[in-house]
Amino acid sequence: MGHVRNYTLGDVVARYKRARGHSVLHPMGWDAFGLPAENAARERHTHPAKWTWDNIAAMRAELKRMGLSLDWSREFATCDPAYYGHQQKLFLDMLAAGLVERRESWVNWDPVDGTVLANEQVIDGRGWRSGALVEKKRLSQWFLKITKFAPELLSALDGLERWPERVRVMQANWIGRSEGARLRFALAGPVDGIETVEVYTTRPDTLFGMSFLAVAPEHPLAAAAAARNPGAAAFIADCRRMGTSEAVIETTEKKGWDTGLRVRHPFMPEVTFPVWIANFVLMEYGTGAIFGCPAHDQRDLDFARKYGLSVVPVVLPPGEDPATFAIGNEAYVGPGVAFRSGFLDGRVSPDEAKAAAIAELERLGVGAGVVNWRLRDWGVSRQRYWGCPIPVIHCETCGVVPVPEADLPVRLPEDVTFERAGNPLDHHPTWKHVACPRCGRPAQRETDTCDTFVDSSWYFARYCSPHAEQPLTLAAVDHWMPVDQYIGGIEHAILHLLYSRFFTRAMKATGHISIEEPFAGLFTQGMVTHESYRGEDGRWLYPDEVVQSDDGSAVHGETGEKVTVGRVEAMSKSKRNTVDPGAIIARFGADTARWFILSDNPPDRDMEWTEAGVVGAYRFTQRLFRLAEGVAALPTGDAVPDTLSPAARGLRRATHRTIAAVTEALESFAFNVAVARVYELANAIGDAEKAADSADLRWARREAMEMVARLAAPMMPHLAEEILSRLRPGGALVADLPWPEADAALAAAETVTVAVQVMGKLRGTVEVAPGAAQAEVVAAAEAEPNVARALEGKRVMKRIYVPGRIVNFVVSGPG
RNA sequence: GCGAGAGUGGCGGAACGGUAGACGCAGUCGACUCAAAAUCGACCGGUGUAGGCCAUGGGGGUUCGAAUCCCCCCUCUCGCACCA
């Protein structure tokens with residue numbers, strides 16, 4: 001249902017923009033690789049390809065029934081070699097351009113299943129299937145060098161004006177530009193030839209407040225310590241069981257191990273500090289080592305308190321006395337003045353003191369000011385079957401050799417088994433054994449496949465020329481790209497959208513496209529949620545198994561057992577709180593489903609799917625149809641009226657105001673408001689039915705009814721056509737008509753209601769002409785009886801008048 | 001833990017810093033009906049006999065005026081790099 005909502009929103013935009021005269025490309029495709037297909041294969045002994053294609057067929061049928069105005073001639077699936085072969089070409093071009101790199105990194109390893117686990121497959125540190133304690137394991141992996149583009153991925157965010165501000169902020173924080181210093185601490189005595197430890201810090205101004213140095217468990221110095229100290233080795237082994245996800249690392253209890261090694265302070269060579277291994281220091285960020293200043297960093301403080309390390313404040317907050325200022329359980333991270341800091345004393349922290357500290361580090365030749373990025377390169381290797389094969393060959397003589405272009409696509413073998421643990425591509429009997437394209441000797445294919453984020457990082461551009469023999473054709477992408485309106489869930493705010501932004505740049509660098517930013521406009525929609533239900537034995541129940549009993553409580557429709565109604569949450573198969581779109585369409589029709597989806601709430605929020613809401617939408621479709629039949633039955637041939645009775649003028653005003661209001665609502669994605677305006681106009685037509693019949697009112701009713709159909713058409717296209725065909729037998733299709741324009745003169749108000757306040761409290765309202773002079777409005781306001789009573793005995797100090805809106809009297813006096 | 005959002009009647013929600021609750025759902029009463037459904041009409045935040053007062057998660061602040069802007073707090077949601 002989440003997809004159905006997403007595509008319904010897109011279809012409204014597509015139909016609306018088409019009516020506004022735009023040439024709209026509204027395609028559909030399938031992001032079809034990934035874990036779910038492999039999980040299904042393991043659990044149900046079906047082939048991932050069959051499972052995937054069956055799902056695609058079912059979903060395609062569903063979308064077609066929704067009446068989406070999609071260009072199906074451009075459809076493709078990412079699991080089709082006709083698609084992923086082009087992706088392999090892109091990969092090879094990026095490899096040649098130096099945008100791909102092979103290096104080692106850590107993965108979650110399930111020692112029992114003998115397989116790499118996704119973070120979501122690690123539950124409380126254990127493999128989801130085997131229950132074994134997960135270990136970190138080092139593997140050689142492929143990386144796309146997104147960090148090369150970090151500066152422009154950040155700066156270009158400013159140009160994405162039609163993106164939600166929060167998404168831009170999240171991406172900026174994710175890229176994480178920071179200015180700080182890299183500096184080397186000399187070890188008091190070298191270990192295994194290691195003489196210094198390099199540290200990155202954003203707070204060189206607090207160096208004099210140092211109390212320890214900490215390295216990541218994966219840091220070479222940690223390994224050196226482990227080699228001579230079993231305790232350190234055990235601590236590192238313990239850290240290896242923590243998993244690789246940052247959320248886990250950050251929420252796990254902070255722990256450390258004192259290696260016994262010591263480093264000299266760069267500004268105070270005679271003073272040394274202990275070197276700890278800490279489980280919260282990330283090898284991937286900065287240099288994998290930090291200096292700890294507990295007084296001015298909360299995490300360092302927690303660590304120092306736990307292990308009894310010194311806490312020395314060196315930044316004095318404004319108004320504090322240097323003699324008495326002390327740190328309790330909260331680090332001071334605000335601005336101040338450096339003290340107890342040697343040559344930094346008296347400098348303003350952080351800015352001035354930072355600059356001075358960096359200058360000194362540079363003078364001493366032990367460090368430098370640097371810009372650091374939080375963004376890491378994108379590891380795309382997956383040790384899995386159901387993904388795009390990475391098109392390289394490993395040869396003992398030639399090393400890594402790209403698959404020749406003529407041999408693309410590298411196809412997945414179909415005869416694979418999921419009975420064995422590990423990657424089916426790796427233990428396939430023949431697939432990986434090939435001759436080296438360069439020297440002809442026996443060699444092996446890469447058995448890793450691509451992260452599915454790669455598949456979804458360029459599909460939007462492929463729609464421009466979906467059948468081309470190259471990945472993209474410049475003429476087509478130059479014509480269509482960038483995507484004018486992209487719609488997706490907020491859960492994609494960072495990864496998918498950032499990868500796509502990077503990939504577009506990488507495609508430009510390899511000559512496939514001429515733009516940098518793939519999505520000019522972005523809208524993030526909320527999830528679809530539903531109540532969840534459980535039977536007496538705690539098993540989850542589907543909504544259509546549950547009925548209301550006579551006393552209003554929920555019971556099982558067949559067995560009558562009591563049902564516990566759980567919280568409203570995102571639809572998921574595991575909780576069975578899903579609704580089948582096909583069944584809804586069969587029962588109520590596509591327009592009802594679309595109307596409910598759009599009317600329920602603002603599209604960027606989560607929507608709750610309710611039976612009552614669907615029924616309400618269905619009733620409205622019936623009501624519109626009845627109204628239309630009533631209007632269609634009126635005698636035709638009335639001329640455009642020259643003068644209007646009050647009833648007809650009122651209806652025409654409502655019609656033209658509705659045109660303006662619906663247009664504005666659609667432009668701003670306020671589809672629920674657009675729906676409300678259509679309801680209002682329908683209500684006005686209903687009222688007009690009861691008024692005395694006259695030629696001008698008949699004309700106004702026809703106009704109003706036609707506009708209801710045309711304004712609702714992007715949302716309920718089928719009924720709109722039906723209504724218009726009755727109003728204008730043999731006439732145009734709504735889909736072929738331009739979007740209606742409001743007549744400002746007809747929409748104009750005859751009087752406006754001005755609210756009258758006394759000291760900001762509403763005391764009455766007055767009706768005035770739209771252009772009435774201030775003096776006139778204020779006089780009318782003062783004359784209003786209730787206002788006059790409130791003003792009695794008071795002195796009016798000030799009269800505030802906002803034309804057409806409000807008068808506010810500021811008074812003084814008793815009471 | 002860190003980053004980003006959200007919070008308004010019984011429910012979904014509306015509201016350029018200017019009459020809080022448009023519109024819909026549910027509900028109550030009435031009409032129609034033998035009856036029910038459908039449909040149509042009226043009512044529908046709380047409280048008070050009333051003038052009124054109280055109400056937009058909680059607490060402060062800015063302003064003639066705050067759901068809207070600022071600060072602190074609470075709750076929920078999304079993301080945290082191998083779910084996509």
Side-chain angles (χ1 to χ4, degrees), chain A residues 31 33-36 39 107-108 116-122 141 146 164-174 176 244-254 280 284 298-299 302 374-384 451-453 455-456 488-496 498-499 524 526-527 529 569-570 596 599-602 604-608 610 612-613 615-617 619-620 622-623 626 670 672-673 675-680 683 686 690 753-765 786 789-790 797-800 802 804-811:
Chain A
D31 185 19
F33 273 139
L35 270 182
N39 292 338
V107 295
N108 298 310
V116 176
L117 296 177
N119 283 334
E120 71 158 9
Q121 297 175 321
V122 180
Q141 311 232 65
I146 188 173
E165 179 63 19
R166 63 168 163 153
V167 174
R168 292 189 283 168
V169 170
M170 281 192 263
Q171 290 215 353
N173 290 340
W174 183 263
T244 58
S245 117
E246 195 178 314
V248 167
I249 292 168
E250 292 283 334
T251 50
T252 304
E253 187 191 353
K254 312 281 179 279
F280 61 88
E284 293 88 356
Q298 191 60 45
R299 208 162 45 174
D302 296 341
R374 204 185 78 98
L375 183 67
R376 307 201 295 259
D377 277 332
W378 174 14
V380 296
S381 281
R382 297 293 182 271
Q383 294 69 40
R384 304 185 201 292
D451 178 6
T452 54
F453 273 127
D455 312 340
S456 58
I490 187 65
E491 69 273 18
H492 293 299
I494 296 173
L495 292 180
H496 164 58
L498 189 60
Y499 288 148
T524 53
M527 295 178 302
T529 63
E569 51 193 323
F596 171 57
S599 67
D600 186 60
N601 67 351
D604 55 343
R605 295 208 203 157
D606 291 350
M607 80 166 279
E608 187 189 348
T610 59
V615 172
R619 274 206 300 266
F620 183 65
Q622 306 301 302
R623 179 156 161 249
R626 277 196 308 276
N672 57 323
V673 179
V675 164
R677 298 296 163 249
V678 171
Y679 269 109
E680 282 172 346
N683 290 344
K690 289 156 212 143
T753 308
V754 174
V756 185
Q757 298 180 339
V758 177
M759 294 300 280
K761 289 210 182 283
L762 183 72
R763 291 295 178 235
T765 61
N786 207 33
R789 187 163 56 237
M797 312 293 291
K798 206 169 162 188
R799 295 173 180 82
I800 290 156
V802 180
R805 290 216 164 259
I806 203 160
V807 176
N808 189 12
F809 296 101
V810 183
V811 300

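Everything numeric in this text was worked out from a predicted model, so none of it was measured. Heavy atoms only: backbone and side chains are in, while hydrogens, waters and symmetry mates are out. So that the names make sense, note that chain A is the first sequence line, chain B the second, and so on, each numbered from 1.
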Polar-atom pairs under 3.5 Å, protein N or O versus N or O of nucleotides 62-65 of chain B: list them with distances, or write none.
residue : atom : partner : partner atom : Å
rC64(B) : O2'  : N808(A) : ND2          : 3.3
rC64(B) : O2   : N808(A) : ND2          : 2.5

* For R376(A), enumerate each residue passing the side-chain contact (heavy atoms from CB on, under 4.5 Å) test, keeping only those at least two apart in sequence or located in another chain. => E246(A), E284(A)
* Asked: Among all residues two or more places apart in sequence or in another chain, which pass the side-chain contact (heavy atoms from CB on, under 4.5 Å) test with R677(A)?
  -> T658(A), A661(A), V662(A), V673(A), E680(A)
Is [X] close enough to [N] that one of its side-chain N or O atoms is under 4.0 Å from OP1 or OP2 there?
X: K761(A); N: rC54(B); value: yes
X: N683(A); N: rG24(B); value: yes
X: N601(A); N: rG13(B); value: yes
X: R382(A); N: rC82(B); value: yes
X: T765(A); N: rU19(B); value: no

Atom [atom1], compared across [N] and [M]: separation rounded to whole Å:
N: rG21(B); M: rC54(B); atom1: C1'; value: 15 Å
N: rA37(B); M: rG30(B); atom1: P; value: 13 Å
N: rG10(B); M: rG27(B); atom1: C1'; value: 8 Å
N: rA84(B); M: rA36(B); atom1: C1'; value: 50 Å
N: rU77(B); M: rG18(B); atom1: P; value: 32 Å
N: rA35(B); M: rG45(B); atom1: P; value: 31 Å
N: rG65(B); M: rC43(B); atom1: C1'; value: 32 Å
N: rG5(B); M: rA38(B); atom1: P; value: 45 Å

* Just compare rC23(B), rG13(B), rC82(B) and give me whichever is closest to any side-chain atom of R605(A). => rG13(B)
* Structure fact -> R376(A) CZ to rA81(B) C1', in whole Å, measures 5 Å
* To do: Sugar-phosphate means primed atoms, P, OP1 and OP2; the rest is base. With that split, encode nucleotides 37-51 of chain B 5' to 3' as B, S or - using protein heavy atoms under 4.0 Å.
  => --SSS---------S
* To do: Please evaluate the base of rC80(B) for a donor-acceptor partner in the side chain of E250(A) within a cut-off of under 3.5 Å?
  => no
* Find the runs of at least 3 consecutive base pairs, i with j, i+1 with j-1 and so on, that include RNA chain B, using Watson-Crick or G-U wobble geometry with both distances under 3.5 Å. => B:1-7 with B:74-80, B:10-12 with B:23-25, B:27-31 with B:39-43, B:45-47 with B:52-54, B:57-61 with B:69-73
Taking only N/O atoms, report every protein-nucleotides 73-79 of chain B pair under 3.5 Å with atom names and distance.
residue : atom : partner : partner atom : Å
rU77(B) : OP1  : R567(A) : NH2          : 2.8

* For K798(A), check salt bridge (charged side-chain N to carboxylate O under 4.0 Å, His left out) against everything at least two apart and list the hits. => none
[X]: side-chain hydrogen bond (donor to acceptor under 3.5 Å, both in side chains) partners, not counting sequence neighbours:
X: N39(A); answer: R129(A)
X: Q298(A); answer: D302(A)
X: R763(A); answer: none
X: N119(A); answer: N108(A), T244(A)

What N/O pairs connect the protein and nucleotides 15-17 of chain B at under 3.5 Å? Give each pair on its own line.
residue : atom : partner : partner atom : Å
rC16(B) : N4   : R805(A) : NE           : 3.3

